[in-house]
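In what follows, a structure is listed as structure tokens, so that the remarks can point back to it.
Just so you know, these numbers use all the heavy atoms, side chains as well, and skip hydrogens, waters and symmetry mates. Keep in mind that this is a model prediction, so the values were computed, not measured.
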Amino acid sequence: MYEEYLRALLAPLGVYRLDGDSLSGAELHALGKGLDGVSARLDQVERESLTETAEDEGLRRREALFLRRPASTTLKERREAIAALLQIDGDSLTPEAINRTISGCGIRARAIETGTNQVLIEFPNTAGVPQDFEQIEKIILDILPCHLEVEFRLRYLTWEICHQVGFTWAGIEEERYNWRGFQLAVPPEEEI
């Protein structure tokens with residue numbers, strides 16, 4: 001790529017032999033290959049230096065800045081989680097900002113202020129303990145200010161929900177639930 005550019009640049013001068021058998025041509029070939037390598041490396045550095053385009057080293061280095069790696073797996077989710085975590089500052093302690101950061105980390109949870117210095121963390125439309133809960137709990141506790149009292153609410157089927165939804169013993173037996181399956185038979189929140 002650069003070799004052809006250099007040949008086209010120097011050809012009008014008429015002072016150099018630019019064919020492959022000449023010393024000048026060989027120098028141009030070597031110089032062009034070197035510049036191609038530098039150009040490729042600069043493209044990689046530029047890509048990895050921006051969170052929106054990083055694919056490998058740039059994401060790993062940014063994730064290393066945080067105590068815990070975000071609970072995201074895809075390239076897009078990892079980028080969004082890093083961007084969300086990088087936005088935390090002194091003005092990021094509103095419930096809306098905290099929820100943006102939590103969801104930006106790929107965690108399907110929401111924080112609700114329940115009182116002065118008290119926050120409830122819910123996992124909407126997730127029955128039981130969310131997958132990777134230990135990691136998720138640590139990430140959320142790292143995000144939230146340490147002076148807050150944090151309570152995690154996990155959703156299980158309760159008698160109250162059974163009554164609201166209209167479960168009957170006949171329906172429960174028909175579904176052939178075991179105890180664990182019955183505990184997790186929580187309908188989506190909008191149906192309750």
Side-chain angles (χ1 to χ4, degrees), residues 51-56 58-60 62-192:
T51 302
E52 304 83 42
T53 56
E55 297 174 358
D56 185 38
L59 290 179
R60 280 196 324 270
R62 282 174 183 78
E63 288 170 339
L65 295 173
F66 304 107
L67 181 60
R68 304 194 198 305
R69 188 176 178 278
S72 307
T73 54
T74 68
L75 197 59
K76 181 178 183 282
E77 288 174 341
R78 287 173 66 196
R79 288 174 181 157
E80 289 172 354
I82 290 167
L85 288 169
L86 290 173
Q87 291 179 19
I88 297 175
D89 62 17
D91 295 329
S92 300
L93 301 179
T94 64
E96 297 81 19
I98 290 171
N99 281 322
R100 266 196 318 274
T101 303
I102 290 172
S103 67
C105 289
I107 299 172
R108 314 249 183 294
R110 74 174 155 239
I112 302 166
E113 266 186 300
T114 56
T116 304
N117 297 330
Q118 295 177 328
V119 176
L120 172 70
I121 304 295
E122 293 183 328
F123 300 91
N125 294 322
T126 300
V129 179
Q131 185 177 359
D132 299 325
F133 178 72
E134 286 183 23
Q135 179 185 5
I136 289 169
E137 179 183 30
K138 289 174 184 174
I139 291 169
I140 290 173
L141 291 175
D142 285 345
I143 292 170
L144 294 173
C146 62
H147 71 280
L148 294 178
E149 180 183 328
V150 181
E151 176 186 345
F152 289 87
R153 180 180 294 163
L154 305 176
R155 296 181 69 228
Y156 289 96
L157 193 62
T158 63
W159 291 117
E160 181 182 341
I161 294 173
C162 285
H163 180 70
Q164 288 174 350
V165 175
F167 275 126
T168 62
W169 285 114
I172 293 168
E173 289 176 5
E174 186 177 305
E175 291 293 326
R176 305 182 64 90
Y177 284 115
N178 62 22
W179 182 247
R180 177 81 176 138
F182 184 60
Q183 282 183 313
L184 299 177
V186 183
E189 290 180 46
E190 53 274 358
E191 293 180 17
I192 299 176

Rounded to the nearest 0.5 Å, how far does [atom2] of [Y] lie from [atom1] of [X]?
| X | Y | atom1 | atom2 | result |
| --- | --- | --- | --- | --- |
| Leu157 | Phe167 | CG | CZ | 5.5 Å |
| Ile102 | Ile139 | CD1 | CD1 | 10.5 Å |
| Ile107 | Glu137 | CD1 | CD | 11.0 Å |
| Glu175 | Glu173 | CD | CD | 11.5 Å |
| His163 | Thr158 | NE2 | OG1 | 11.0 Å |
| Arg153 | Glu151 | CZ | CD | 6.0 Å |

Taking atom CD of Glu55 as the centre, does the number of heavy atoms from other residues, nucleotides or ligands within less than 6.0 Å exceed 12?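 Counting other residues, nucleotides and ligands, CD of Glu55 exceeds 12 neighbours.
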Could you tell me whether the side chain of Arg79 and the main chain of Ala54 form a donor-acceptor pair under 3.5 Å?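 Checked: pair present.
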Quick one: which residue pairs count as a salt bridge (Lys or Arg N to Asp or Glu O under 4.0 Å) with a foot in residues 103-121, not counting sequence neighbours? Glu77-Arg108, Arg110-Glu122, Arg110-Glu189
Side-chain contact, heavy-atom cut-off 4.5 Å: [X] with [Y]?
| X | Y | result |
| --- | --- | --- |
| Phe123 | Val129 | no |
| Leu154 | Thr126 | no |
| Phe152 | Ile140 | yes |
| Arg60 | Arg78 | yes |
| Val119 | Ile112 | no |

Under 3.5 Å, which donor-acceptor pairs link side chains of residues 179-187 to any protein atom two or more places apart or in another chain?
none

For Tyr156, ring-ring contact (aromatic ring centres under 6.0 Å, His included) partners two or more places apart: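 Not a single residue meets the ring-ring contact (aromatic ring centres under 6.0 Å, His included) criterion with Tyr156.
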Closest approach of Pro124 to Ala109 (non-hydrogen atoms, all atoms of both residues):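 Here Pro124 and Ala109 meet closest at CD-CA, 4.0 Å.
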Please report the shortest heavy-atom distance between Ala111 and Ile121, naming the atom on each side.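 Closest heavy-atom pair between Ala111 and Ile121: CB-CD1, 3.6 Å.
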Check ion pair Lys138-Asp142 (N to O, under 4.0 angstrom): no
